[in-house]
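Within every chain, numbering begins at 1; the chains are lettered A, B, ... in the order of the sequence lines, protein sequences first and strands thereafter. Model, not experiment: these values are computed from the prediction.
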Protein chains: 4
Amino acid sequence: MSPLIVDKKEKYNRIVQVALIVFSRQGYAAASMQQIGEAAGVGKSTLYEYFESKADVFIAAIQAWIDQITCRMTALMEDKIDPIEKMRAAVELVNEIGRQGDNALNRLYIEVYEQMIVETGVLYKRGDLVHEMSAGIRRILTDVILHGISTGVFKAEIARDAERIAANVTACIDGLLLHNLLGNHLFDLKWQVDYYLNTFIETIRVPIPRHHLADTTGKTEEVT
Amino acid sequence: MSPLIVDKKEKYNRIVQVALIVFSRQGYAAASMQQIGEAAGVGKSTLYEYFESKADVFIAAIQAWIDQITCRMTALMEDKIDPIEKMRAAVELVNEIGRQGDNALNRLYIEVYEQMIVETGVLYKRGDLVHEMSAGIRRILTDVILHGISTGVFKAEIARDAERIAANVTACIDGLLLHNLLGNHLFDLKWQVDYYLNTFIETIRVPIPRHHLADTTGKTEEVT
Amino acid sequence: MSPLIVDKKEKYNRIVQVALIVFSRQGYAAASMQQIGEAAGVGKSTLYEYFESKADVFIAAIQAWIDQITCRMTALMEDKIDPIEKMRAAVELVNEIGRQGDNALNRLYIEVYEQMIVETGVLYKRGDLVHEMSAGIRRILTDVILHGISTGVFKAEIARDAERIAANVTACIDGLLLHNLLGNHLFDLKWQVDYYLNTFIETIRVPIPRHHLADTTGKTEEVT
Amino acid sequence: MSPLIVDKKEKYNRIVQVALIVFSRQGYAAASMQQIGEAAGVGKSTLYEYFESKADVFIAAIQAWIDQITCRMTALMEDKIDPIEKMRAAVELVNEIGRQGDNALNRLYIEVYEQMIVETGVLYKRGDLVHEMSAGIRRILTDVILHGISTGVFKAEIARDAERIAANVTACIDGLLLHNLLGNHLFDLKWQVDYYLNTFIETIRVPIPRHHLADTTGKTEEVT
DNA sequence: GATGAATGAGACTTCATTCAT
DNA sequence: AATGAATGAAGTCTCATTCAT
């Protein structure tokens with residue numbers, strides 16, 4: 001309420017956003033509190049007024065990042081009605097990310113994994129934390145699937161596996177993003193994502209009756 | 001003339017194997033030469049008799065790891081004839097890996113990614129190196145696909161995309177492995193891998209004629 | 001007497017010569033026993049069969065180096081008769097050294113000084129050793145001066161200071177060599193050495209009577 | 001807003017002065033940051049708050065040392081008018097240095113040479129830097145010579161070589177200092193420096209006419 | 001609240017020397 | 001006699017964190 005509190009919140013957010021960038025560029029280990037402080041325009045000891053430790057800054061940054069992704073995904077899907085369109089819109093986010101020149105932000109994927117898996121990692125044995133943070137994304141996908149089933153677009157029999165299938169898609173897309181990061185020039189992210197998505201949708205959608213196929217062309221066929 | 005006789009190659013290999021484990025547990029940054037030395041039963045300075053630097057040890061370890069995976073994959077596929085069987089056998093490796101209690105070895109995936117992507121990483125801008133190292137795996141998959149096409153099991157039209165599709169599969173499987181590492185207890189690696197593989201195979205195989213379908217029942221057939 | 005003994009002496013000498021080069025290039029600290037061994041074509045542990053320690057190798061190398069210089073100086077002076085000519089011949093050695101492209105050998109000057117002066121130096125408090133090693137050079141110069149006096153070319157009054165004057169010349173010439181090493185492009189070693197030597201000789205030679213000057217030309221004049 | 005107030009410049013200077021002593025005693029290679037830190041009363045990591053590297057500390061120390069010498073030389077010459085007196089005053093500095101019991105400071109001469117000449121040296125191929133640092137001293141001497149010429153004390157013909165002659169004197173004096181450092185007890189620095197300087201001055205001063213010498217008494221005249 | 005200064009712990013790496021064959 | 005292998009000691013440098021203003 002008081003102006004001071006507002007200032008604090010504002011500065012906190014600024015630090016988080018700046019940290020996000022620094023971590024994405026340097027990685028957790030190589031990023032120093034010094035750098036984060038400088039980039040945020042505060043002394044490095046000031047960081048300790050807002051966070052307990054470097055690990056804390058990282059976790060806050062990752063949280064913010066996941067929130068941003070979730071929001072963006074929601075925004076992209078907002079005006080679609082057809083479940084398949086929604087699905088494509090959701091996945092379009094990945095292309096958006098991949099389109100960034102420097103790949104800076106999606107390096108965070110790696111950092112999160114790294115920090116979770118390595119014994120000395122900041123997120124070691126904190127899988128729950130990340131799981132919770134990313135729950136939003138999985139729920140969105142699950143909802144799309146369930147909605148698709150209820151509107152007769154997707155096969156009814158996958159209903160009970162909806163969550164697991166959402167996890168499957170998330171994991172596969174993550175894998176594609178990662179391999180894209182490898183800088184392999186043979187890897188055309190857009191092609192790969194589209195290919196994956198088409199095969200996936202093909203297997204969960206209710207087949208289109210023969211007589212419909214007769215008067216359609218091109219793309220539809222691929223999914224036959 | 002004849003100094004202390006030691007099988008340098010043998011010790012080299014021992015160090016590499018030990019380093020593989022240490023790196024997988026601690027991550028590259030947190031693993032110290034001290035630790036690796038101790039684990040291998042040699043002084044830390046002895047390591048420098050076999051490797052130029054810590055980075056060198058890491059690269060050698062990763063190389064060995066990829067070789068092991070490639071070998072094991074080849075072994076698993078050896079006695080299969082049907083392309084679909086071969087495909088399943090190849091992917092079975094992933095389940096094998098996932099079945100390991102501590103996931104130690106496959107954490108290396110992350111490390112490799114991390115080191116490639118982060119500016120200060122050992123493999124930064126060495127994408128070619130990793131690409132080359134993992135070429136074996138991609139080639140195996142590509143061969144299976146092409147062989148499947150030539151025996152009429154897989155659709156002929158995917159021939160020109162065989163390589164890209166192999167890359168697609170590799171990436172998706174990697175993604176599944178990674179998400180499994182997250183320790184998400186909802187994530188049943190075997191189920192997820194099977195699910196993915198089934199949808200994938202379904203889209204590339206030549207459809208089985210109607211009259212055959214008439215007297216078979218769903219799933220059983222997929223594995224035919 | 002036995003061939004084995006000859007071999008040892010021969011190998012000892014080879015090591016010393018090689019060490020001289022390595023030390024002159026790298027300096028004492030940066031030169032490693034490894035390098036010396038390799039350059040001499042023997043294993044590094046073999047060095048310890050011939051020398052107690054790295055310091056020992058260095059001292060032996062320096063000793064050899066001083067002997068070489070003394071020999072060369074003697075050779076250059078051998079066929080001169082006039083004391084002034086002898087003096088010039090002796091100093092010509094400095095120009096010879098300076099003429100070497102890489103200055104490698106005369107870097108040893110520095111190394112010797114360094115090792116004598118620094119508390120942790122190999123020659124620390126061993127001034128006597130170097131003094132003794134370089135005694136030959138000083139004696140040669142002293143002899144020239146005394147000889148010049150006895151033939152009436154140099155002033156008789158400097159006789160009692162002959163040794164100190166020889167030391168003076170040695171020191172000044174050393175100073176010129178060192179400054180030449182600095183790579184200062186304004187420093188023309190030959191010019192500087194000649195200038196110094198001319199002023200020096202001018203002050204110790206017996207002045208040439210007026211009527212002699214009348215029928216001499218050029219160079220002589222400079223010293224008037 | 002106002003953190004711990006420390007006069008960084010003051011502490012910087014303290015470290016430099018301390019480093020000067022440590023380097024002079026131990027030599028660059030043998031001196032450790034640990035030692036310098038302890039001697040300066042700060043932790044070794046604190047040194048890195050003031051300097052980028054050990055090499056940096058060294059360069060700063062040498063710079064300070066040269067500045068000190070230059071200042072002292074200027075001070076000694078200040079109240080002299082006669083060029084010859086000035087010359088003697090300048091050189092008196094050398095005697096001052098030599099008079100120090102432990103020779104600590106002038107050992108730095110060696111260190112500078114060593115570091116410039118040895119491939120792994122901190123000043124390798126940085127001759128320009130040292131040249132620049134020592135430019136002050138050379139200029140002072142050059143000025144004295146030129147001034148001596150303009151007042152008719154020194155021969156006019158040496159004018160065009162004034163710089164080179166100044167370099168010559170500097171180098172010879174350096175040589176004398178070095179040989180003094182060798183601990184040769186036969187070497188009487190004061191005698192040697194005086195001897196050198198007398199011979200040098202004798203060769204550059206304008207000879208005093210016969211008839212003047214008749215009715216004057218030596219020294220008095222010199223200052224005329 | 002904000003921050004510059006300080007530092008201890010620890011990492012990689014080098015190398016003279018010893019050891020066992 | 002000769003030497004490859006092994007290593008302990010040491011050194012430079014980094015950085016998260018604390019302290020005092």
Side-chain angles (χ1 to χ4, degrees), chain A residues 4-5 7-8 11 29-38 41-57, chain B residues 1-8 11-12 28-37 40-57 120, chain C residues 4-5 7-8 11 29-38 41-57, chain D residues 1-8 11 29-37 40-57 120:
Chain A
L4 272 174
I5 290 177
D7 276 351
K8 258 211 126 171
K11 192 176 272 192
S32 71
M33 292 296 264
Q34 178 89 257
Q35 282 175 310
I36 296 173
E38 275 171 17
V42 299
K44 68 175 174 270
S45 17
T46 306
L47 297 175
Y48 289 87
E49 296 290 327
Y50 294 83
F51 304 91
E52 294 264 314
S53 65
K54 187 183 177 185
D56 248 35
V57 180
Chain B
M1 277 300 177
S2 74
L4 196 57
I5 287 172
V6 172
D7 188 344
K8 274 206 115 170
K11 190 173 271 193
Y12 176 96
Y28 179 79
S32 73
M33 291 297 264
Q34 179 93 254
Q35 283 174 314
I36 295 174
V42 299
K44 74 183 157 198
S45 33
T46 305
L47 296 175
Y48 288 88
E49 294 284 324
Y50 293 82
F51 302 91
E52 297 258 313
S53 64
K54 187 183 178 185
D56 245 36
V57 180
T120 56
Chain C
L4 271 175
I5 288 178
D7 276 353
K8 257 209 125 172
K11 192 177 273 194
S32 72
M33 292 297 265
Q34 179 88 259
Q35 282 175 310
I36 295 172
E38 275 171 17
V42 300
K44 69 174 172 268
S45 17
T46 305
L47 296 176
Y48 289 86
E49 296 288 328
Y50 294 84
F51 303 90
E52 293 264 314
S53 65
K54 187 183 178 185
D56 249 34
V57 180
Chain D
M1 278 295 174
S2 72
L4 196 58
I5 288 172
V6 172
D7 187 345
K8 273 205 114 168
K11 190 174 270 191
S32 74
M33 291 298 263
Q34 180 92 255
Q35 284 175 314
I36 295 173
V42 299
K44 75 184 158 196
S45 31
T46 304
L47 296 176
Y48 289 88
E49 294 284 324
Y50 294 83
F51 302 91
E52 297 259 315
S53 64
K54 186 183 177 185
D56 245 37
V57 180
T120 56

Visitor: Distance check needed: E:dT7 P versus D:I36 CD1, whole Å only.
Guide: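 Rounding to the nearest Å, CD1 of D:I36 and P of E:dT7 are 15 Å apart.
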Visitor: Describe the nucleic acid contact of C:A31 in one word from base, sugar-phosphate, nothing, applying a heavy-atom distance below 4.0 Å.
Guide: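 C:A31: backbone/sugar contact only, no base atoms under 4.0 Å.
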Visitor: To check you understand the geometry: which heavy-atom pair defines the closest contact between D:T120 and C:A30, and what is its length?
Guide: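 D:T120 and C:A30 have their closest heavy atoms at OG1-CB, 3.3 Å.
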Visitor: For residues A:K44 and A:M33, report the shortest heavy-atom separation together with the two atoms involved.
Guide: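 Nearest pair, atom of A:K44 first, then A:M33: CB-O, 4.1 Å.
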Visitor: DNA chain F: D:Y48 or C:G41, which has the more 5' nearest nucleotide?
Guide: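 On the 5' side of the pair lies C:G41.
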Visitor: Output the rounded distance in Å from CD (D:E49) to C1' (F:dA16).
Guide: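 Between C1' of F:dA16 and CD of D:E49: 12 Å.
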Visitor: Please answer whether the main-chain N or O of B:V57 pairs with a side-chain N or O of B:Y50 as donor and acceptor at a distance below 3.5 Å.
Guide: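 Not a single qualifying donor-acceptor pair exists.
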Visitor: In whole angstrom, what separates D:K54's NZ from F:dG11's P?
Guide: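 Taking atom P of F:dG11 as the reference, NZ of D:K54 is at 8 Å.
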Visitor: For the residue pair B:K8 and B:E49, what are the closest heavy atoms and their distance?
Guide: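 Heavy atoms only, the tightest pair is NZ-O, 3.6 Å.
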Visitor: Of all the choices, F:dT17, E:dT3, F:dC15, which nucleotide is nearest to the side chain of A:T46 once you look at every atom?
Guide: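 In terms of side-chain proximity for A:T46, the closest of F:dT17, E:dT3, F:dC15 is E:dT3.
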Visitor: How close or far is atom P of F:dT7 from atom CD of C:Q34, stated in whole angstroms?
Guide: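 Whole-Å distance recorded here is 17 Å.
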Visitor: Between C1' on F:dA16 and CD on A:E52, what's the gap in Å once rounded to a whole number?
Guide: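 Atom CD in A:E52 sits about 14 Å away from atom C1' in F:dA16.
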Visitor: On DNA chain F, compare the nucleotides closest to A:A55 and B:L47; which residue's is nearer the 5' end?
Guide: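 Comparing both residues, the 5'-ward one is B:L47.
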Visitor: Which listed nucleotide (E:dT14, E:dT7, F:dT3) is nearest to the side chain of D:V42?
Guide: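 Taking heavy atoms from C-beta onward, the closest nucleotide is E:dT7.
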Visitor: Under 3.5 Å, is there any donor-acceptor pair linking the side chain of A:S45 to the base of E:dG4?
Guide: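 A donor-acceptor contact between them is present.
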Visitor: Write down the distance between CD (C:E38) and P (F:dT3), rounded to a whole number of angstrom.
Guide: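 Roughly 12 Å, once rounded to whole Å.
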Visitor: Choosing from E:dA2, F:dT12, E:dT17, which nucleotide comes nearest the side chain of A:Y50?
Guide: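 Comparing E:dA2, F:dT12, E:dT17 against the side chain of A:Y50, the answer is E:dA2.
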Visitor: Tell me: NZ of B:K8 to P of E:dA20, nearest whole Å?
Guide: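 Atom-to-atom, B:K8 to E:dA20, this comes out as 18 Å.
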Visitor: Where each pair must be Watson-Crick or G-U wobble with both distances under 3.5 Å, what dot-bracket representation of DNA chain E is obtained, with crossing pairs in [ ] and other-strand partners as |?
Guide: .||||||||||||||||||||
Visitor: When you get a sec, tell me which of E:dA16, F:dA9, E:dA5 is the closest nucleotide to the side chain of B:K44?
Guide: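 Of the candidates, F:dA9 comes closest.
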Visitor: Let me know the distance between CZ of D:F51 and C1' of E:dA5, rounded to the nearest Å.
Guide: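 Computing the D:F51:CZ to E:dA5:C1' distance gives 15 Å.
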